[in-house]
Structure formats: C-alpha cells, structure tokens
Participant: 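Attaching a single structure in structure tokens format; questions to follow.
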Amino acid sequence: MSDASANVYRASWLAWPARLVCWPLAAMYVLCGVLWRVLALPFVALFEGDAAESGMELGIRLLHDFAVGGIQYLGFQHDELPALSGRTRKEGETHGPWWEAKRRLLKSHVAMVSVIVFVAYLYVGLGAQVGWIAPNFKDGQKEAEFLHPFSYAPADGEGHERLYVLGSDQLGRDVLDLALRGTTTALWIGLFAATISSILGMFLGSLAGYFGGWVDDVIVWAYTTLSAIPYLLLLIAISYVFKSNPSISEWYTGTFLYKSWDVSPGLFRIIVIIGLTSWVGTCRIVRAEFIKHRDRDYVLAARSLGFSTPRIIFRHILPNVFHLVLITFSLLFIGAIKFEVILSFLGLGLEPAEASWGNMISKGAGELLRADTVWWQITTATVALFGIVLAINLLSDALRDALDPRLRK
Amino acid sequence: MWAYIIRRLLQAIPTIFGVTLIVFLLFNVVADNPAVTLLGNKATPEAVAALSKEMGTDKPLPVQYLQFLKEAVTFDFGDSWKTNRPVSDMLLDGVGPSLSVTLPAFLLATLIAVALALFCAFYRDSFADRITVILSVAGMSISSLAYIIFGQYFVAFEWNLLPIFGHQGSIEGVVFLLLPWVIWIALSVGQEVRFFRTAVLEEMGQDYVRTAAAKGLGTGRILFKHILKNAMIPVITRLVISIPFLFVGSLLLEKFFGIPGLGDMSYTAITEQDFPVIKAMTFFSAIAYIIFNLISDILYAVVDPRVRLR
Amino acid sequence: MTLRRPGAATLALAAVLLFVGLMAGCGSNPYPGEDPNTLHVFLSLEVKSLDPAHAQDEASSICILNLYDQLYEYEYLERPFRLKPCIAEGLPEISEDRLTYTIRVKKGIRFVDDPCWQGKPPREVNAHDFVFALKRLMDVRTKSTGTWIFDGKVEGLDAFRTASGDVLPKNPKRDAYTTAEGYPEVEGLKALDDHTIQIKLTEPYPQFIWTLAMGYTSLYPREAIAYYGKQFINKAVGTGAYRLESANLSKKLVLVKNPDFREERYPDARRDTEAFRKKAEADKKANRLEDVGKLLPLNDRVVVTVFKESQPQWLYFMRGYLDRTGIPKDNFDGAVDQETFSLLPEMTDRGIQLDKDPKMEVIYDCFNMEDEVLGTPAGEKGRAIRRAISLAVDNEWAIKNLYNGRAERVDGPILKEFAEYDPAFSNPWKMPVGGSREAALAKARKILADAGYPDGKGIPVLTKDIIDSGINRTFFLTFQRDLAEIGIRVEAYSTTWPEFLRRLNDKKSQIWGVSWGADYPDPQNFFQLYYGPNKAPGVNKSCFDHPEFNSLYEQTRVMLEGPERTKLYRRMQEIVTDECVWSFRYRRRNFNLRHAWLFGYRYNDMGQKYFRYCRVDPEMRALEIKRVNKPTLWPVFVFLAFTLVVIMATLIAARRRVRGW
C-alpha cells in the first residue's frame, strides 16, 4: 500500500535546499528533544515505576534514533520521511496525520521556496538581535543625510568611507542596516504576538468548547464583545491609553526584558496589545472543533478510562485541532506585522528612532514629497515586508492544502 | 423567527454591557484625567479640579459608569469636549464622508472580486487564473500603508491625475474620492478574490455539480443557476458583516486624503481624549455590529433552507 | 464557448474602464468647479474657535479678524502703524483727564444674513452690541483668554467680572452663552444711545485704542449667541466683508463675499513725505497698488485650507493651488540662496516673489538686575559685564547660520514700525551697522579690563537658564563660544518651562534668553517690562529699577502720541540700552512667498486682516496651474493594455483546451 504510493511520490527538487537551510533549526529541535528526555527521566521513572526505561536503555535508544534520524533527514532513505523527533517508525504503526501533510508540503515547490525565505528571514532576525548582522544600525550622522543608494560617504568622524548600499535616511543611518534590524523587530512582534494570541485562543476555545454551559457563555460573550469594536480603533485606544499612562511605562523600565534584552517599551506594548486582542479567531475555530469532537467516541473512551479532564483536552483533543491553530497562527503573524506598520505610522507604536519597517514606511510619506524624492527607505521596507508576508501567505496556503482531508487520495 | 430575533437581541445586551465596560475601563480608569490633557500647559491644580467637576470625572467610578450607561440608553452622549458640538451632530456629519469613501469602493471591490472569481473558476488553471491567484496573494502581502503612500504619490503627485487630498460635499467632490476608491479596491480585491474563488471552487467540487454536468447542462448554466446561488451564501454573509465597519470608515484613507469622516474623527477623539465622542462611536459601532450580525444570520437562514434558526 | 459568458467579467471590465476613463479625465485640481475669483490661503494649525472671545491662537485670530469687524482697524498699507475707524465714526473723543472715551458708531452697517435672524432681515450694528461683546469677553463663564487687555482698566468691569463668576446660570448646560439673564449695568462701559459708546477708564491708558482693533473686541449680535449657544464657536455672524459658507475648523473654511458689505475701498499709499514716498514705491513693486480705489472685497470667495504638515502646504503652493505660503525649513535651500537670501532663479522665473516681513518682537538675553555679580548690586563692574556680553554675542553669525537669514537686527525696544522710531539710533553696546566684530570684541575686552576684570579673570562662572531642547542647546553653545572669546565662562542650567517660570518669579536665574512679542504697536508694551514696580512676579522679570526711568515711565504712561512723548520715549530707550538691561539680539522675519497673480497682500504682524484686499488674476493662475500639473497618461494605458492582454490570452488558450470538470 504505502510502497505503491512511494514509487509515484517525488519530493520537489527544492526540498534539498530547504532541508539544508533548516538544518540548524532541525538540529536544535532534536537537541532539545534529547535534553528533554534526559531531564525528564527521573520524573518519568517516578510516575511510571517499573515500566520506565532505565537510563542506560534510554541512552542507547536515543543515540540510535538520533543517528538514524540524522541520516534520514539528509534524505538517504527515499521510502520514508525523516522522523525529526529522532523516533523511527516501528513495525505495524500507521502514519500519523502529519505524515501525509509533510509529504505534500515537500512536493510543493512553492512551499519549499517559502520555507527557505522564511528561515532566511529568521536567521537574519536572530543575527541582528545577537549583533552579528547590522550591529551599527543606530549610527547616523548629519553629513550622510539622505544619501542615494550605492553612494559613498564618511561613516565616522575620522573620514573612513563606506558604501551605503541602499542609501541612508534623514539621520544618516544605512537603510540596509535598518531593514535588517527591522527584521528582528518584525519577528519579535509576529512570533510573540501570534504565540500569545494562539495560546490564549486555544486555551479559551478548548474550555468553551469542551465544558459548554456557563463557561462557554462567558467566553463567547468575551469574544463577541471584543469583535464588536472595530479592531483598529480598539488597538489605537488601548495603545494610546497605555502609552500616555506614565506609571505603566515606569513599571516596564524596571523589568528584565527592557534591561537585558533591549526590548523597547513600544515593542513590548505592541506585542502585548496585539497578542491580547487577536485571540478571537483562534478561539472561534478551536471552540467549534471542540464542540464537534467532544461527543466523539475516542473522547468518550478516554473519559470512561478515567483520564483527567486536562489530560483529555490537552493530550487527546487538542492535537487533532492543532493543525487549524497552526494555520491561524501564520495569519496572525502576518496580521501583527501589518498592524505594527499602521500603529507606528499613527505614532502609537515604536519610537520613531527605532528600526522597524513600520517606521521606515511611515517616514516614506514625507520623504516622497520632497523636491528631491527620497524613495529608497520606503521601498526597502515595503519589499522586506512583502518578502516575509508573501512567504508566510504561500506557506499557510500550502499547509492548508496539505492538511485538507478532502484532498486525500 | 421572531422568537429567535428577540432572543438574539436579548443576548446582545450583555455584549453592549461588555463594550461599555471596555471603553469605560480604558478611558476612565487606566487613562489619565482628561482634564489635564485638555488644559495642556495651563493645567494648574485649580483649573484641573474645576474642569474635572464640569466634565464629571471627579465623581466615583461606579457613578460615572452609571452615567455612561444612561447616556447609552438615551442615545445622547452630550457635547464633544473639543468642538462643543453635540456628538450626534458630529457623527451624522461624519457618516456621509465615510460612507462616500467606503460604500462605493466596497461594492465595486466585491463586484470585481466576484466577477474575477467566477472568471477564474470558469477558466480554471488558465493563464488568467494563475495570474489572478499570484497577483491576489502578492497584493495581500503589501502593507496597506504602502499602497496608500505609493498610490497617492504616483497617481496624484507624479502623474497629476487626481487631487492629492481634500474633500468637498458637492457632486464635483467625486474627484477626491476616486483615488481612495482605487486604493481601497487594490487593497481588498486580493483577499476577496481568493475567498470567493475558494467558495466557488468548493461548490464546483460538489456532487450535484458533477451530476448536472453528467446530465448535459452547459457549463455556464451550471455556473450561474446552481453554483452561484450556493456560493453566494458565504459571500452575502461576509458582505453583511462588513457593513458596520464601512460606517466607521477607513481611518488611514481618511487621514491621508483629508476626508472628514468617522474614522478620522475617532482617531482624533482618542488621541485628544474626547470621551463623549469615543463613547458614542464605540457604542454605535457595537450596536451596528450586533444588528448586522443578526441580519446576516437571518439572511443565511433565508437563503439556505437547511439552516434552522434556534 | 462564448465571449458573453461569464457576463459578470465583462461587467467588471466595463466598470474598470469607466473608472480609468474618469480618472484620466480629471486633473489634480483640489478646487473642482469653483468660482475662478477665489483666494486660496492656508493656515498652519487648526482653528480652535471662531468666537471672538477666544481669539488667542494665530489660526483662530486670522479667521475672526476677517469674518468680523472691530471699532477700529489698521491702515492696511501704512507703517508705522496707524488706526483708522472701522465701525466707529472717527477717532474717539477723549476727555481732559484722559479717562473718558466717547466713541460714535457708524450708522447703516448691517450684520450678515444668517439663520439666527430667523427669517427677518439682519439688523444694524449699534453701540449696545459693543457693550454686550465686551461684557461677554470679561464674563468669567466665557472663559476667554483675552481678559488681560481690560483687566483693571475699566471702571466697574472688574467688579462685573467677579460677580459674573458667582451668578449661577439658570440652565447649567448653556451657562455663559445665554442672554436670558442679560448683563447688569457697568458704570465704565455704557451705551449712551444706539450710536454712542462711553467708556470710563480707571486710569489713563493711551494704548487703549489699539485694543479696539484686536480680534477680541469684534462686534457680533446677541441674537447669534441666543440662537447658537455653544455652537457659536463654529459660526460667524459679523459685519465683515465675508460670510461663512462652510467651516470644518480642523480642515477647511470657505468664505463668500458679503453682498451687503458697506462701501469700502482699497486705500492709496501715503506720499506726503520722502519716507512715505519710498514706502509707496516699495508697495508698488510688491503689487500692492494695482487696485487703489476699487470696492472691497476684491475677490468673491476665500478658501482657507488647514495644513497640519508643512510638506503638503509647500506642494500646494508650488503647484499653484495656494496663492501664498511661508517657507518650511526643509525646503529653504531649494527656494532661497543661502548667501544673499534672495530667491533662486527657478522661483523668480515663475514670477514668485519673496517678502521678508519682520515680526513685532525682540529676541533678547535678559539679565537679573538683582544678581550679585552682574546686577545693580555690583554697580560699575556689573554694568561692565553686561555691556561686554552684549558686545560679544555674534548676532550676525546667528542670523546667518542659525536663522538662515530669517532674522534682522534690533537696537532697542523702539522697533521701526513704531512712530517713535529713530533711524539714527544705534545701540552703543552692540556692534554698529557696518562695523567689525573684532572692534566690538576689543571694546568689550577694554570695558572688562577697565572694570577690573582683565580678560574676564575674576568673573565667576555665570549661569544661563535654558529650556531643554536640541535647538536651545545649539543656541546656548554658540552663546558660550561667543563669551569665551572675551574670557567669560558660562554654564547652562537646563530646565522645564514650569520650573523656569518659577525661578524667574523667585529671582533665581542669572541670565536667560526669551522673546517678547508686541501686543500693540506702542513702545510702552516693551517699557512696561523695565518699570520698577512691575518687578517679578510682575512682568518686569529682570527687576530693573531705575529712578529716572521709572519717573519717565509714569509720565509717558498717560501721554498720547506726540512729539513730547517721542522725546521722552527716546530718552527711555537710551537709559535701557545704556544700562544693558537686555542684550538686544534680533527679531525674526517671516519669509513669505507669493505668486505673480496675487495682488494686494501685505503682512501685518499685529493682525492679519488681509483677505478683502487681495485680488487674484484667474487666467494667469489657471495658465500656470495647467503648465505645472500636466497629467501623465501612459500608466493608465499600460494598465488597460495589461488587463486586455491577460483576458485575451486566457480566452484564446481556453478555446484550445477541452473544458471539463
């Protein structure tokens, strides 16, 4: 059965470069898995008693899985997809719901390109955060005001020249550096706001869907109320109020986020506000799914087996719903980045001096209208934004198609 | 049917409560005393106290909240703190410009999107279909701010085809609206086309369509007589639900093009802490949202006989 | 397959074509379909209110002055400033003791037509309107910002003001805007009959007449207040040359010609002396004497657009959609030559002209005259320090580099627009006109050496208060650098406005730099700042107390304009400049640009009541607009072509394919 389809299956030629690009991430993921298992050992032993593997057995098994998994990841075995968790498929096990999805993804050229692009952005963002990429983006100087792309100008007081590949902005900062650093900002916002939203939405949606009754009523009331106010106005209102309240800003400057990770108050504010207000979509979807699933056989079985409610919700039902959450996550990611642009324009987002695509685009309005048109800042930011948003849009489409049960042959 | 409507309206009351609560918490609790902002650099303690007394912000919070509810019920939010005009007058003045931007643009965008979706479904996988899909996704990936800025720059500033900004209430004032319309359409058509195209394609994959084709009905006839009607359900639902947000107007378009609509008014009200206007705006938009949600559900039931309203 | 299906696609295509066609047909004119004889002006800030009682900020003040009339107004073309009767009939009759002013009101001036008359024709202005307007101005419930002009000056008005705060209005919602109760009688402000106003002052106040030309004292009918209540801030019912057609205070106002405007004509310039003849020539060159004798207003309509940002405003002007503009900072080098400060050829080729209109202000560094080191307690030595500082600051450099030429020299408190101005006067403790900086520095060093501070040794480190901001820090650095050249060291004390004001009142600051803008064109407005009894917390923040000056001030305070007062004023200026109470630095200039088709515009810093005097040449303007704003049509065609190509390609490809499910 699976052999017949395996002969016809051809992954996209881009799957190779995609896997290569993702290798650091995959390696980290595997490492985390290993560490997790090792650290969880004593607890597992505690709960499962005799049935638990001994440390030695676990170690050997992990090493074996790790080695096999690594080889498979590089694609040397064509009839099986890589088991990224390091766990090989045992005899007799059927493929999980993700197996088919991954195959379809690997087949699609578009999805592979999107993965490569997105991971590239991720690396740029990480690099800029750590300081390897564009470390001097803040350095601007008067003489380098509004340089055209591909122009040379002194970079520091001593007169050493450097090339401004994409020109400079009003403060003399290199636009390329700003855009690279802006990737970090965008990723911070996208990832964390979407994560907060998704977790919140999942949590509330599952509670509402599973329990029904007054819990459901309260949660439905909460999200109906939130959706009744036009989203942009809600964002503006909350941002404005939090921005102009000095005690909140004071509180924030004392936190470690500000002091050690250089997360500016504006960034924190945007992440929290978007995160706390855009959970409605996820919640709706999760709730609808839970309502469908809670009367299914497997749930009844789990309940009769005496499993605790949290376990049923999180370990049984939620994994079946997770793929929808993932799709919504990607849309939330994009939404968060786009809203940051609007909020920055309205002055309610990041400080104008910070490096973010939103700031660059907002300044573009004034810059284009100058007698000597300054077009490079807004164009760079728009293109940068376009790249990652397009990649994620295409990826989420591919994911949706990959996970669509109706397209299963 | 009527029982359903009444029940839904009753269920709406806690929602309205919730909305007023959010607004109240935000502006009366978290925000600074608006008297300080309104007075600016003349904010001596006596002046602040006097103004607070006049605005009623020195009363205890529950009393203020009850006052807010009273205003909501009587639909009278008093006078704006900034312009001294009655808030209802201001809202009425703003509805016209907002709708003049959003309504025609929205209708046109929907029309174009539906037409394109049908076209693409009809000529599935053709060159046009693929271009449309690519352009739609690409179009969705550009920031709306970039659309507006570049649009204004090229069409109005560089090519001198339309005025850069402004608004006039007369019939000649339509020149000021053309560019916002075009930008709105460019912004939203991508998303709409994808949505409608998916809806139509889903319908096309249904069994009854295959039956009709097997029966020998022409493609066009199938398309228009059967598929369209069924695909219209999500379309109409989406349309009706979008209507409340048309009233509020597009804040960004209004700001860039100097149109004195409700979007711009809300933004000004929020940043200048003009409570009466903020309260009125959020309250009315919540009501509009509830009403149009209800209408869309009813329409859904009317259009789809399988749906029974409970 | 047919081209007719799906029909919806064709529909959409048609809509798109229509669109595109429409777009190609329009231009970028932001005033579609309007009367060609319309003046296009701008405001840089939102109008806060059209109520004369709130005429404080510049934007509101401009609109109020042009929509309403006052008892007196400025002679449009004359400098030094002179008032002429507007609603009043002739100059006021002033009693012997200078305390009673009797003003007659012209007959036959009607208010504009407005709904507040409720169908009846508008009535004539009378003396009662002035009394009402002034009382309403002083009414506490109106919360006017202009009460200072009459505070303590008119008999009985202060008592009225206090009492107005106590009276509880019958309807709290309408409070100050109701006339239901009417106002009580005030002894010093009476209408003797319908056309005679009598004002009794508490003490002689020769500058009183200037206040009767301010926006605050505009005349309006009480019927408007009764009808509009709080809405009055959005309406204008005046006797001016214009009626308000529509007003969106934060975006645009449209004024239309008042058909019942009284007969007023464009004035001719005075040519009775050499000085005035020269000024008349300048006016002629600046397109201001084309329409002498013509009936006002010279245009039919005015569109006032509010520009909150400077770039769109500049854009509009360059495209011809504004008839005049200021020059935003960013565009300065694109418009004006940096050396000569005259217009660049690309502007003059289009016929654009530049006016450099000085503001009625003085920017100065003020010394604390009670300071131990540089004030009166330090006697000769203190005076030497002050004079040296005044000589050492390089005003010319600052004018050129920090102000881009947008400032001009000031010698003393009597500005050149004042009647008492003496062109021969030169501040002895500033570099003279045409002098050299080295000479000034040498003089400064000599003064210090003579006072016992050779090369500034022995002078402790001085402190200058500055309000913290980037630009102020730049100014301070240049101040510090200038003083270092004669050996004086100065540090900055950076503070905020509220703290700065507190320090001034507590006399803690040593040196500070501010500007003072004249409220009316009388040097007394400046001299009050040196009068002993006005010491801080009064307006005399420097706490200057000079017996001769004080007695001269008391003398001239009650004198009317004339040769004796001029003599005394000039003596007072001598004292002030000799004692170096202030280091007089400069005054700013507005660089105003206007297009070739705008005639009759003259900037008046005291009140911009210019709409009615401006004429535009519609054909000239239309030609220039058309020339500059040619539409580019190729993108439209490209878009159309692209759409057509895609559709054709699909139809052709579909024809070849078998269509199925």
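Naming: A, B, ... by sequence-line order, numbering from 1 per chain.
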Participant: Heavy-atom distance under 4.5 Å to chain B: side chain of A/Thr382, backbone, both or neither?
Facilitator: side chain

Participant: Shortest non-hydrogen contact from A/Thr185 to A/Ala355?
Facilitator: OG1-O, 2.8 Å

Participant: Does any non-hydrogen side-chain atom of B/Arg197 lie less than 4.5 Å from one of B/Val133?
Facilitator: yes

Participant: Centroid separation under 6.0 Å, is that true for the rings of B/Phe154 and B/Trp159?
Facilitator: yes

Participant: Determine the option with the most heavy-atom pairs under 4.5 angstrom with chain A, choosing from B/Phe157, B/Phe17, B/Phe245, B/Tyr267.
Facilitator: B/Tyr267

Participant: A side-chain contact here means heavy atoms from C-beta on lying under 4.5 Å apart; do A/Asp397 and B/Arg194 qualify?
Facilitator: yes

Participant: Which one wins on heavy-atom pair count under 4.5 Å against chain A: B/Ile278, B/Val23, B/Ile22?
Facilitator: B/Ile22

Participant: Relative to the ring of A/Phe345, is the ring of B/Phe256 parallel (under 30°), tilted (30 to 60°) or perpendicular (over 60°)?
Facilitator: parallel

Participant: Using the ring centroid of each side chain, check whether A/Phe339 and A/Tyr231 are separated by less than 6.0 Å.
Facilitator: yes

Participant: Could you check whether the rings of B/Phe27 and B/Phe275 sit parallel, tilted or perpendicular, using 30° and 60° as the cut-offs?
Facilitator: perpendicular

Participant: Please state whether the side chain, the backbone, both or neither of B/Ser285 comes within less than 4.5 Å of a heavy atom of chain A.
Facilitator: both

Participant: Side chains of A/Ser362 and A/Ser344: is there a donor and an acceptor less than 3.5 Å apart?
Facilitator: no

Participant: Is the B/Phe68 ring parallel, tilted or perpendicular to the B/Tyr65 ring (thresholds 30°, 60°)?
Facilitator: perpendicular

Participant: When you check the side-chain N and O atoms of A/Ser356 and A/Glu340, is any donor under 3.5 Å from an acceptor?
Facilitator: yes

Participant: Against chain B, work out which of A/Leu385, A/Leu394, A/Ile388, A/Leu226 has the most heavy-atom pairs shorter than 4.5 Å and name it.
Facilitator: A/Leu385

Participant: Taking side chain as everything from C-beta outward and backbone as N, CA, C, O, which of these in A/Ser227 sits under 4.5 Å from a heavy atom of chain B? Side chain, backbone, both or neither.
Facilitator: both

Participant: Tell me, out of A/Leu232, A/Ile378, A/Asp217, who's got the most heavy-atom pairs with chain B below 4.5 Å.
Facilitator: A/Ile378

Participant: Specify whether A/Trp357 and A/Tyr121 have parallel, tilted or perpendicular ring planes, treating 30° as the upper limit for parallel and 60° as the lower limit for perpendicular.
Facilitator: perpendicular

Participant: Among residues 286-293 of chain B, which residues come closer than 4.5 Å to chain A, judged by heavy atom distances?
Facilitator: B/Ala286, B/Tyr289

Participant: Name the option with the most non-hydrogen atom pairs under 4.5 Å to chain A; the candidates are B/Ile164, B/Leu252, B/Ile148, B/Thr282.
Facilitator: B/Leu252

Participant: Heavy-atom pairs under 4.5 Å with chain A are the metric here; pick the option from B/Gln11, B/Met140, B/Glu158, B/Gln152 that has the most.
Facilitator: B/Met140

Participant: Chain B heavy atoms under 4.5 Å from A/Leu346: which part of the residue, side chain, backbone, both or neither?
Facilitator: both

Participant: Please flag which part of A/Ile334 lies under 4.5 Å from any non-hydrogen atom of chain B: side chain, backbone, both or neither.
Facilitator: neither

